[in-house]
Amino acid sequence: MLLHVNFSASSNPTAPVFFLTGIPGLEAMHRWISIPFGTVFAIALLGNSTLLYVIKTEPSLHKPMFYFLSMLALTDLVLSLTTVPKILSIFWFNAQEITFKACLVQMFFLHSFATMESAVLLAMAFDRYVAVCNPLRYSSILTNSLIAKIGLLALVRASSLILPMPLLLHRLPYCHSHVISHCYCEHMAVVKLACADTRFNNIYGIFVLIFIVGLDMLCIGHSYLMILRTVLSLATREERLKALGTCLAHICAILFFYIPVVLSSVIHRFGHHIAPHVHILMANLYLLFPPMMNPIVYGVKTKEIRERVLTAFSRKRL
């Protein structure tokens, strides 16, 4: 599958039309690659939609932990819907063209909700900290008002930190290649196309990455150190295992999100000798894997959700 680019449609350097290549070097396999991508996308949509429905319709799940889980599910849905439909259209129909404004909008939603997911994982770490270390005050600390404020703060933080990225890119000229060697409009992939000084764009991108990932991971790590200290002080082995068991699903969600993000960022900036398709596949991994795995892990590990889903399926069979 070859990329056919007509630059006459993008003669204006201030408002070009970009062309997404998909996965460089694997263009001939795009339709085969679309099978796992489409499957993962369908599982993510079904799983997160089911989580949201179950939490909304089951009064016993109207608790802080599940409110945060619904935020995570909603964030995963937006992340998937922002990128995967365009990726599949490239794989199936070779629909590689994307307007400059559409590219910036996709970039904003992609990075904003990835940032928000990091904030939600941090909020869930705080929830687990209070549940394990201060259980008697759990309901008095994590009130509905505080949860709403945390959700709003996560949204405002993500929007305010990411909005400068497309605004800074909008002012740059793009007078050379308009081909983005990626499946979607990722910030650094677009920065590389500008024919102007992009040092500030690079510095700001690194700042946001370190500020968000570094600060959130530091706070999450501190929460779990406090949790571990409390768990080790419990009298019996059964109590310790029960306390840790309440955190297992959240630990999995953290690993699903942060490991691909960190690896993708490191490869993008320092892996100059790594094949491009490896980087692109890794970048897609952090968009596809967490939205698929989070509802599965929480559905399996959380008794209330598992029982509610099984009950719903049993009623349909009857």
Side-chain angles (χ1 to χ4, degrees), residues 1-28 30 82-115 158-211 264-284 286-287:
M1 186 182 298
L2 299 176
L3 177 67
H4 300 285
V5 180
N6 181 8
F7 286 105
S8 62
S10 55
S11 57
N12 182 359
T14 61
V17 173
F18 288 142
F19 296 85
L20 297 162
T21 62
I23 303 178
L26 299 179
E27 290 87 353
H30 273 175
T82 298
T83 54
V84 181
K86 180 60 179 177
I87 293 172
L88 292 178
S89 72
I90 295 171
F91 290 169
W92 290 339
F93 311 114
N94 199 30
Q96 298 165 318
E97 183 174 310
I98 185 169
T99 65
F100 183 54
K101 288 184 178 180
C103 185
L104 295 184
V105 169
Q106 185 190 58
M107 179 195 304
F108 173 74
F109 277 96
L110 164 65
H111 292 297
S112 292
F113 279 87
T115 302
S159 301
S160 60
L161 283 173
I162 299 303
L163 185 59
M165 288 183 176
L167 292 180
L168 288 170
L169 287 171
H170 189 269
R171 67 180 179 83
L172 296 175
Y174 300 88
C175 47
H176 300 312
S177 174
H178 295 165
V179 179
I180 301 175
S181 298
H182 216 302
C183 296
Y184 51 84
C185 290
E186 193 266 341
H187 176 246
M188 288 305 300
V190 179
V191 168
K192 290 179 179 180
L193 300 183
C195 51
D197 188 357
T198 60
R199 282 178 295 181
F200 187 77
N201 302 73
N202 290 321
I203 292 170
Y204 187 75
I206 294 172
F207 162 75
V208 170
L209 177 67
I210 294 174
F211 180 78
S264 178
S265 298
V266 170
I267 291 173
H268 191 89
R269 286 174 171 81
F270 306 109
H272 304 297
H273 302 294
I274 297 177
H277 68 268
V278 174
H279 163 66
I280 302 303
L281 288 172
M282 182 61 70
N284 281 295
Y286 96 85
L287 290 179

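Here the closest non-hydrogen pair linking T21 and E27 is O-CG, 4.2 Å. Considering all non-hydrogen atoms of both residues, A158 and S112 come closest at CB-O, 3.2 Å. Minimum interatomic distance between H30 and I23 (heavy atoms only, all atoms of both residues): NE2-N, 3.1 Å. Across all their heavy atoms, N284 and C183 have their closest contact at ND2-SG, 3.5 Å. For the pair G205 and M165, the tightest heavy-atom approach, listed with the atom from each and the gap, is CA-CE, 4.0 Å. Listed here is the closest heavy atom pair of P166 and I162: CD-O, 3.0 Å.
A donor-acceptor pair under 3.5 Å links the side-chain atoms of Q106 to the main chain of T82, judged by distance alone.
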* To do: Check the pair H178, V17 against side chain to side chain contact (heavy atoms under 4.5 Å, CB included), reporting the backbone distance first and the verdict last.
  => CA-CA 7 Å; H178 295 165; V17 173; 5.9 Å; no
* Could you go through the side chain to side chain contact (heavy atoms under 4.5 Å, CB included) check for L169 and Y174 one step at a time? => CA-CA 10 Å; L169 287 171; Y174 300 88; 3.5 Å; yes
* To do: Could you go through the side chain to side chain contact (heavy atoms under 4.5 Å, CB included) check for I180 and C103 one step at a time?
  => CA-CA 10 Å; I180 301 175; C103 185; 4.0 Å; yes
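Between L26 and I280, the closest side-chain pair of non-hydrogen atoms is not below 4.5 Å. Put simply, the side chain of L20 does not reach to within 4.5 Å of the side chain of F18, judged on heavy atoms.
Between the CG atom of L110 and the OG1 atom of T115 there is a distance of 9.0 Å, given to the nearest 0.5 Å. Expressed to the nearest 0.5 Å, how far CZ of F91 lies from NZ of K86 amounts to 12.0 Å. If you take CG on D197 and CG on L172, they are separated by 9.0 Å, rounding to the nearest 0.5 Å. Considering CE of M188 and CG of N202, their distance stands at 4.0 Å, rounded to 0.5 Å. With rounding to the nearest 0.5 angstrom, the CD atom of E186 is 8.5 Å from the NZ atom of K192. Note: L209 CG to L161 CG = 11.5 Å, rounded to the nearest 0.5 Å.
Applying side-chain contact (heavy atoms from CB on, under 4.5 Å) to Y184 and the options I98, V84, I87 leaves one that passes, I87.
Taking the six-membered ring where the residue is Trp, H187 and H111 present perpendicular rings, their angle passing 60° and hence far from 30°. Between F207 and F211, the ring planes lie parallel to each other; the angle is under 30°, not in the 30° to 60° tilted range.
The local environment of CZ in F109 is sparse, with at most 12 non-hydrogen atoms from other residues, nucleotides or ligands closer than 6.0 Å.
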